[in-house]
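The structure appears below as structure tokens.
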Amino acid sequence: MPEGPEIRRAADKLEAAVGGEPLTEAWFAFEELKPFEAMLKGKTIERIETRGKAMLTHFSNGLTLYSHNQLYGVWRVVEADKQPETKRVLRVKLQTAEKAILLYSASDIEMLEQKQLEQHPFLQRVGPDVLDETLTVGQVKERLLSPKFRRRQFSGLLLDQAFLAGLGNYLRVEILWEAELAPQHRAEDLSEEQVERFAGALLAVPRLSYQTRGQVDENKHHGAIFSFRVFHRAGEPCERCGEIIEKTMLSSRPFYWCPVCQK
């Protein structure tokens with residue numbers, strides 16, 4: 001399942017294709033969204049924001065399209081008036097004179113005014129986005145050590161969007177390796193130095209993934225140059241100490257770690 005960096009890069013691609021250009025057509029599959037088709041024609045997409053794995057498409061008339069791909073949703077960029085052959089079900093079409101962006105298969109789609117956006121249950125529930133450049137290591141440390149999160153084992157905490165939005169399984173694995181922590185550790189058990197290193201990794205690893213994994217290298221897992229140090233590397237030597245990387249299941253997800261570096 002795509003994590004925060006993949007969702008953000010997808011939003012960048014959509015914004016580059018149709019951002020700032022008047023919409024010549026807006027189409028929605030769901031009946032409750034049909035009234036908005038006429039309201040969006042001639043308007044522009046001002047920006048596309050991400051909150052973890054949710055995408056917020058902000059229009060020039062103050063409306064915002066909320067969409068969450070969940071397991072099966074996917075956006076595509078195509079030439080205007082073109083529709084690729086696919087077995088997926090089209091849910092949203094937003095078209096300009098040159099390009100169109102198409103959302104397939106997603107079911108969690110809403111059109112929101114500003115007040116509704118501020119009160120949206122998912123957006124109220126999620127924590128700060130790890131790709132938000134205004135989020136600092138100090139703020140992450142405060143969050144880690146807060147009463148709500150300080151007693152949580154990292155194996156589950158790093159999959160909880162209420163802690164930090166945009167994290168997922170491969171990031172959980174890579175962050176804990178980078179910080180030299182085991183998944184059963186808790187923030188309240190760490191030294192000040194460990195908390196500082198962990199908070200730094202919680203921001204640095206996702207941001208590096210966002211900046212580099214879009215560059216294709218077919219010889220690397222997921223076809224990108226972001227190099228996994230432990231994820232999908234069970235049976236291979238750890239780059240840091242040479243010990244063999246192991247694999248188990250934690251929170252119903254595959255987990256990889258170095259038994260020496262992450263005691």
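Throughout, numbering of the chain's residues begins at 1 and tracks the sequence. Side chains are part of it too, since the values below use all heavy atoms of this structure and drop only hydrogens, waters and symmetry mates. Remember, predicted model here, so these are calculated numbers, not experimental data.
- Looking only at atom types and distance, the side chain of Tyr210 has a donor-acceptor partner in the side chain of Asp12 under 3.5 Å away.
- With respect to Glu113 and Lys115, no salt bridge is recorded, no charged nitrogen being found less than 4.0 Å from a carboxylate O.
- Here Asn69 contributes atom CG and Trp75 contributes atom CH2; the two are 8.0 Å apart, rounded to the nearest 0.5 Å.
- Considering only heavy atoms from C-beta on, Met249 stays 4.5 Å or farther from Phe255 through its side chain.
- At least one donor-acceptor pair closer than 3.5 Å links the side chain of Thr24 to the backbone N or O of Gln95.
- Using a cutoff of 4.0 Å between basic side-chain nitrogens and carboxylate oxygens, Glu79 and Lys99 are scored as salt-bridged.
- At a threshold of 4.5 Å between side-chain heavy atoms, the hydrophobic network of Ile, Leu, Val, Met, Phe, Trp and Tyr places Met39 and Leu117 in two separate groups.
- Within the model, atoms OG1 of Thr64 and CD of Gln114 stand 6.5 Å from one another, a figure rounded to the nearest 0.5 Å.
- Here Lys247 contributes atom NZ and Trp257 contributes atom CH2; the two are 11.0 Å apart, rounded to the nearest 0.5 Å.
- Side-chain atoms of Ile45 and Leu94, non-hydrogen and from C-beta on, do get closer than 4.5 Å to each other.
- Between Leu123 and Leu56, the closest side-chain pair of non-hydrogen atoms falls below 4.5 Å.
- Gln139 contributes a side-chain N or O that, together with a main-chain N or O of Thr136, makes up a donor-acceptor pair within less than 3.5 Å.
- In this structure the side chain of Leu65 never reaches within 4.5 angstrom of the side chain of Phe36, judged on heavy atoms.
- Other residues, nucleotides and ligands contribute only 12 or fewer heavy atoms inside 6.0 Å of the CD atom of Glu193.
- Counting only N and O atoms by type, the side chains of Thr248 and Tyr256 include no donor and acceptor under 3.5 Å apart.
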Could you walk me through whether Asn61 and Leu40 satisfy the side chain to side chain contact (heavy atoms under 4.5 Å, CB included) test, starting with their C-alpha distance in whole Å, then the side-chain angles of each, then the deciding distance to 0.1 Å, before giving a yes or no? CA-CA 8 Å; Asn61 62 356; Leu40 294 178; 3.9 Å; yes
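- Under a cutoff of 6.0 Å and an axis angle of 45°, Arg240 and Trp177 form a cation-pi pair.
- Counting only heavy atoms from C-beta outward, the side chains of Ser105 and Arg91 never approach each other to under 4.5 Å.
- Atoms NZ and CG, on Lys53 and Asp129 in that order, are 11.5 Å from each other to the nearest 0.5 Å.
- Judged purely by atom type and a 3.5 angstrom limit, Arg76 has no side-chain atom pairing as donor or acceptor with the backbone of Leu103.
- Here Arg9 pairs with Glu6 in a salt bridge; the nearest charged N to carboxylate O distance falls below 4.0 Å.
- A pairwise comparison of heavy atoms in Gly166 and Gln161 identifies N-OE1, 2.8 Å as the closest pair.
- Using a distance-only test at 3.5 Å, with no hydrogens or angles considered, a donor-acceptor pair links the side chain of Arg207 to the main chain of Asp132.
- With hydrogens and angles ignored, the 3.5 Å screen pairs a side-chain donor or acceptor of Thr212 with a backbone N or O of Leu208.
- Residue Glu98 places its CD atom among 12 or fewer non-hydrogen atoms of other residues, nucleotides or ligands, all under 6.0 Å distant.
- Without hydrogens or angle criteria, Asn169 side chain to Arg253 main chain gives no donor-acceptor distance under 3.5 Å.
- In terms of hydrophobic clustering, with Ile, Leu, Val, Met, Phe, Trp and Tyr side chains grouped at heavy-atom distances under 4.5 Å, Leu33 and Phe59 are assigned to a common cluster.
- Within a 6.0 Å radius of NZ in Lys43, other residues, nucleotides and ligands contribute more than 12 heavy atoms.
- Linking ILVMFWY side-chain heavy atoms closer than 4.5 Å, directly or via other members, places Tyr104 and Ile48 in two distinct hydrophobic clusters.
- The shortest distance between side-chain heavy atoms of Val140 and Leu164 falls below 4.5 Å.
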Could you walk me through whether Val92 and Leu102 pass the side chain to side chain contact (heavy atoms under 4.5 Å, CB included) test, one step at a time? CA-CA 6 Å; Val92 176; Leu102 311 176; over 6 Å; no
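- Considering all non-hydrogen atoms of both residues, Ala165 and Val126 come closest at CB-CB, 4.2 Å.
- Here Glu236 pairs with Arg233 in a salt bridge; the nearest charged N to carboxylate O distance falls below 4.0 Å.
- Distance check: Asp108 CG to Ser67 OG gives 8.5 Å after rounding to the nearest 0.5 Å.
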Let me see the working for Leu176 and Leu158 under side chain to side chain contact (heavy atoms under 4.5 Å, CB included), right down to the final yes or no. CA-CA 9 Å; Leu176 288 174; Leu158 268 62; 4.2 Å; yes
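- The minimum heavy-atom distance between Leu144 and Phe163, with the atom names listed, is CD2-CZ, 3.7 Å.
- Salt bridge annotation for Arg229-Glu174: absent, with no cationic side-chain nitrogen under 4.0 angstrom from a carboxylate oxygen.
- Within 6.0 Å of the NZ atom in Lys41, the count of heavy atoms belonging to other residues, nucleotides or ligands does not exceed 12.
- The environment of CD in Glu118 is crowded: more than 12 heavy-atom neighbours from other residues, nucleotides or ligands sit within 6.0 Å.
- Phe231 and Val260 sit in two unconnected hydrophobic clusters of ILVMFWY residues. Membership requires side-chain heavy atoms under 4.5 Å apart, directly or through other members.
- Between Pro5 and Tyr170, some side-chain heavy-atom pair lies under the 4.5 Å cut-off.
- Taking the six-membered ring where tryptophan is involved, the planes of Phe198 and Phe154 are tilted, since the angle between them lies from 30° to 60°.
- Between the side chains of Gln262 and His185, not a single donor N or O lies within less than 3.5 Å of an accepting N or O.
- Judged by distance alone, the side chains of Tyr66 and His120 never bring a donor and an acceptor atom under 3.5 Å apart.
- Between Arg47 and Glu15, none of the side-chain N atoms (NZ, or NE/NH1/NH2) sits under 4.0 Å from a carboxylate O, so this pair counts as no salt bridge.
- At most 12 non-hydrogen atoms from other residues, nucleotides or ligands lie less than 6.0 angstrom from NZ of Lys13.
- Other residues, nucleotides and ligands contribute only 12 or fewer heavy atoms inside 6.0 Å of the OH atom of Tyr72.
- Checking Ile175, Leu157, Asp160 one by one against Leu167, the side-chain contact (heavy atoms from CB on, under 4.5 Å) holds for a single residue, Ile175.
- For the residue pair His58 / Glu49, a side-chain donor-acceptor distance below 3.5 Å is found, with atom types taken as modelled.
- Note that CG of Leu145 is 13.0 Å distant from CZ of Arg186, once rounded to the nearest 0.5 Å.
- Under the 3.5 Å distance criterion, the side-chain polar atoms of Thr50 are left unmatched by any main-chain donor or acceptor of Ile7.
- Annotation: side chain of Cys238 is not in contact with side chain of Val230 (no heavy-atom distance under 4.5 Å).
- In terms of modelled atom types and a separation under 3.5 Å, the side chain of Glu37 and the main chain of Phe28 share a donor-acceptor contact.
- Of all heavy-atom pairs between Gln116 and Met111, the closest is OE1-O, 4.1 Å.
- Residues that satisfy the side chain to side chain donor-acceptor pair (under 3.5 Å) test with Glu133, not counting sequence neighbours, are absent from this structure.
- Of all the heavy atoms in Pro237 and Ile245, the pair that sits closest is O-CD1, 4.1 Å.
- Under 4.0 Å is where a charged nitrogen must lie from a carboxylate oxygen, and between Glu180 and Arg197 at least one such pair does.
- Following chains of ILVMFWY side-chain contacts shorter than 4.5 Å, one cannot reach Leu90 starting from Ile101, and the two form parts of different hydrophobic clusters.
- The nearest pair of heavy atoms linking Pro206 to Leu131 is O-CD2, 3.7 Å.
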